[in-house]
Amino acid sequence: MTGILLRAALFILPSSIFISCSDFLDILPMNEVVLENYWTEKGDVTSVVNSCYETLESSDCLTRMGVWGELRSDNLRLGANVPNEINEILKENLLPSNEMCKWSRFYEAINRCNTVCYYAPQVQAIDPNYTEEEMRANIAEATAIRALCYFYLIRTFRDVPYSTRPSIDDSQQYVIPATPFNNVLDSLINDLEKVKGDAVRRYYTDDSANAYQNSSKITRIAIYALLADLYLWKGDWDNAIKYCDLVIDYKRAQYQEMIDREGNVNNIALFGNIPMILEKPIGSTVCGNTYNEIFGTGNSFESIFELYFSQNQSQQNSWITSYYGNNTNTMGRLSAPDFLAKDVALGTNNVFKKTDGRIYESTELTNSRYAITKFARRTVSYSTQNVNSEKDLNLTSSRRSGGDANWIFYRLSDMLLIKAEALIQKGADFYEPAFSLINIVNKRANDVTSTSRSDTLKLADYADSKASMEDLLMSERQREFMFEGKRWFDLVRLARRDGDNARLISLASRKYIENVNAIKIKLADPNIIYFPYFKGELKVNPLLRQNPAFDTGEDSELTK
């Protein structure tokens, strides 16, 4: 499916249906199979909705989520056995021939979503067991997955071909020009605003064995979180805050339900008036509970939306096992730069305080480099009391035996820090509440509770200017979300708001040891913060125009 040749008939049916593909396809034209023999009952819609999630879980999509959102940032450097296409991006030698510029799997997911939105009403009209409420919920679910895919694409490529129409048969080719970033962003927001109220609020109660599905499928709360992020990129601060508050309020209510049901919750406590998972459960003397709940087990109390993987399913989280590491190879294809992880326990690191558990949970010194252990570890336990060296941590951990680590899109910390960022942009009158939200995230990570140590952040150190508050916010986002596929997008958003790449360059270049000045000069081009269109797309879609930062003579000829 190159060049937005979206052929729904060829891939829209789940693979389990095609036991003998060639014989079956010889009987009827593909469009007749889809139109007459498939879209007839509720189960058909459900199967295709599920296939939308399965596409996101594919190695192609997961790898690009990590590469596009993280690789060019100051969080990652080379590890062991780095593929050439990855190494070239790490060196900022990104070319249109790089395989990581391919976007076809995202458009496959988009077209599956488009097809659900198109056919679901027709199925509802003929299947009496498929209610209108269920149909609307399915459309909301597909609309949100489609919006998430397009959001990845515009943050990566800026302007992209945009369509919400499905491809019904092989005669339909979507050779369309790229739609500007802001137009796509506005369309995504408008689409989600229309369907948000139709989405399922919660699939199961918290005490159900299937409660994990509340954050492994799109819910109304997940749509609120996505809208908050979209509005942040749009620069609509009030709406970003509004949707963050809706999610935060939901989590407060969920916490109260747990208290009412169980009487006592020993691993969650209020920081201010926001419930957060504790580093040390009440009665425990060791940290690591936050990591174990959010990344080890997954689908935690704080989760909003994440892709679910289990040891029993054939499709595994290959991004984690290949690029971060597994129980066989501690060092994956990528590692963390020294400035992030070196000498934290000594108290001389400029990014992390020595009491900040997030760095110990997420990295491990291996053969003079810092292997990434976030997601790769199943459990971790350590102490940050009286730490003056690594050995004082008494850190123990276990690693995953397979690729069953969930991939998290949104969790409660996202909402706190998106809201804080929006408040900062509203001006000095809002610095104090913004700081309070940032400090909640920081306090939890440093095990700062009413019965432990005092705060590590002070408002007076940052409230003198907007730039200082933004620096604090960006630093806390890096500490909280490192290796989660968000950092490069954060830097792109910062550069878009600044109107230049100066701060992006200052931050992104910190990981480099060689050719630093040359890389800084290259990154000064305002267009280079986006990826180039893959050269294959330019061949089949003459309406695409290459990103000027990557426009070579050869690529220019392809578009004529």
Side-chain angles (χ1 to χ4, degrees), residues 199-222 224-225 243-306 308 310 355 357-358 361 377-385 396-398 406 408 410-417 419 433 436-437 439-455 480:
V200 172
R201 186 172 178 84
R202 184 164 58 182
Y203 292 93
Y204 297 94
T205 58
D206 289 340
D207 57 350
S208 166
N210 296 311
Y212 70 89
Q213 292 190 36
N214 289 331
S215 55
S216 287
K217 297 181 69 176
I218 292 292
T219 61
R220 193 178 308 175
I221 307 307
Y224 290 163
Y243 282 104
C244 286
D245 282 340
L246 286 172
V247 178
I248 293 168
D249 288 345
Y250 174 80
K251 288 298 179 182
R252 288 195 189 103
Q254 188 180 8
Y255 175 64
Q256 187 58 51
E257 287 179 14
M258 295 171 69
I259 295 294
D260 294 343
R261 183 177 62 249
E262 301 173 23
N264 184 39
V265 180
N266 73 340
N267 69 333
I268 301 172
L270 292 175
F271 288 77
N273 61 353
I274 296 177
M276 303 285 284
I277 298 171
L278 290 164
E279 274 291 353
K280 289 190 301 193
I282 297 171
S284 175
T285 60
V286 294
C287 295
N289 178 64
T290 301
Y291 177 91
N292 298 337
E293 292 279 335
I294 294 175
F295 302 103
T297 303
N299 298 109
S300 69
F301 164 79
E302 293 186 20
S303 179
I304 298 167
F305 180 49
E306 57 192 70
Y308 176 74
S310 72
T355 55
R358 290 172 293 192
E361 296 161 351
R377 282 172 168 163
R378 188 174 298 282
T379 63
V380 65
S381 174
Y382 57 94
S383 173
T384 56
Q385 295 294 329
T396 61
S397 66
S398 66
N406 289 1
I408 301 172
Y410 293 110
R411 52 192 177 92
L412 185 55
S413 295
D414 283 279
M415 298 299 99
L416 302 188
L417 296 181
K419 181 178 178 180
S436 296
L437 293 167
N439 200 29
I440 285 172
V441 177
N442 190 271
K443 285 169 68 172
R444 188 268 294 280
N446 285 273
D447 188 35
V448 176
T449 66
S450 59
T451 58
S452 62
R453 57 177 64 94
S454 59
D455 291 8
E480 182 71 7

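FYI, the numbering just counts along the sequence from 1.
Here the CG atom belonging to Asn406 is positioned 9.5 Å from the OG atom belonging to Ser300, to the nearest 0.5 angstrom. Separation of atoms CZ (Arg252) and CG (Leu412) is listed at 9.5 Å; rounding is to 0.5 Å. In this structure, CD1 on Ile408 lies 6.5 Å from CD1 on Ile294, to the nearest 0.5 angstrom. Note: Thr297 OG1 to Tyr291 OH = 10.0 Å, rounded to the nearest 0.5 Å. Atom OG1 of Thr449 is separated from atom CG of Leu270 by 12.5 Å, given to the nearest 0.5 angstrom. With values rounded to the nearest 0.5 angstrom, Tyr250 atom OH is found 5.5 Å from Ile221 atom CD1.
Scanning both residues, Asn267 and Glu293, for their nearest heavy atoms gives ND2-OE2, 3.4 Å. Here the shortest heavy-atom pairing between Ser413 and Glu302 reads OG-OE1, 4.1 Å. Across Ile440 and Phe271, no two heavy atoms sit closer than the pair CD1-O, 3.3 Å. Here the closest non-hydrogen pair linking Tyr204 and Ala211 is CB-CA, 4.0 Å. The minimum heavy-atom distance between Val265 and Ile282, with the atom names listed, is O-CD1, 4.4 Å. The two residues Tyr255 and Pro275 have their closest heavy-atom pair at CG-CB, 3.6 Å.
Between Tyr308 and Gln213, the side chains place no donor N or O within less than 3.5 Å of an acceptor N or O (distance only, hydrogens not considered). For Asn299 and Ser216, the side-chain atoms include at least one donor-acceptor pair closer than 3.5 Å.
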- Message: Between Tyr382 and Glu279, does the side chain to side chain contact (heavy atoms under 4.5 Å, CB included) criterion hold? Intermediate values first, please.
- Response: CA-CA 10 Å; Tyr382 57 94; Glu279 274 291 353; 3.4 Å; yes
- Determine, stepwise, if the pair Gln256 / Ile259 fulfils side chain to side chain contact (heavy atoms under 4.5 Å, CB included). CA-CA 5 Å; Gln256 187 58 51; Ile259 295 294; 4.0 Å; yes
- Task: Walk me through it: do Gln385 and Thr285 pass the test side chain to side chain contact (heavy atoms under 4.5 Å, CB included)?
- Result: CA-CA 9 Å; Gln385 295 294 329; Thr285 60; over 6 Å; no
- Task: Using the side chain to side chain donor-acceptor pair (under 3.5 Å) rule, take Thr355 and Asn446 through it: C-alpha gap first, then chi angles, then the decisive distance, then the call.
- Result: CA-CA 5 Å; Thr355 55; Asn446 285 273; 2.6 Å; yes
- Task: Apply side chain to side chain contact (heavy atoms under 4.5 Å, CB included) to Arg261 and Thr205, showing your working.
- Result: CA-CA 11 Å; Arg261 183 177 62 249; Thr205 58; 5.9 Å; no
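Side chains of Phe301 and Met258 form a contact here, defined as non-hydrogen atoms less than 4.5 Å apart. Between Ile304 and Asp414 the shortest side-chain heavy-atom distance does not fall below 4.5 Å. Under the 4.5 Å side-chain criterion, counting only non-hydrogen atoms from C-beta, Met415 is not in contact with Tyr224. Taking 4.5 Å as the limit, some side-chain heavy atom of Asn292 sits within range of a side-chain heavy atom of Val380.
Glu480 and Arg358 are joined by a salt bridge, as a carboxylate oxygen and a charged side-chain nitrogen come within less than 4.0 angstrom of each other.
Judged by distance alone, with hydrogens and angles left aside, the side-chain atoms of Arg202 form no donor-acceptor pair with the main-chain N or O of Asn214 at under 3.5 Å. Remark: the backbone N or O of Arg220 is not paired with any side-chain donor or acceptor of Arg201 at under 3.5 angstrom. Looking at Asn266, its side chain never comes within 3.5 Å of a backbone N or O of Pro281 through a donor-acceptor pair. In terms of modelled atom types and a separation under 3.5 Å, the side chain of Asn289 and the main chain of Leu278 share a donor-acceptor contact. A side-chain donor-acceptor contact under 3.5 Å links Lys251 to the backbone of Ser303. Here the side chain of Asp249 pairs no donor or acceptor atom with the backbone of Leu246 at under 3.5 angstrom.
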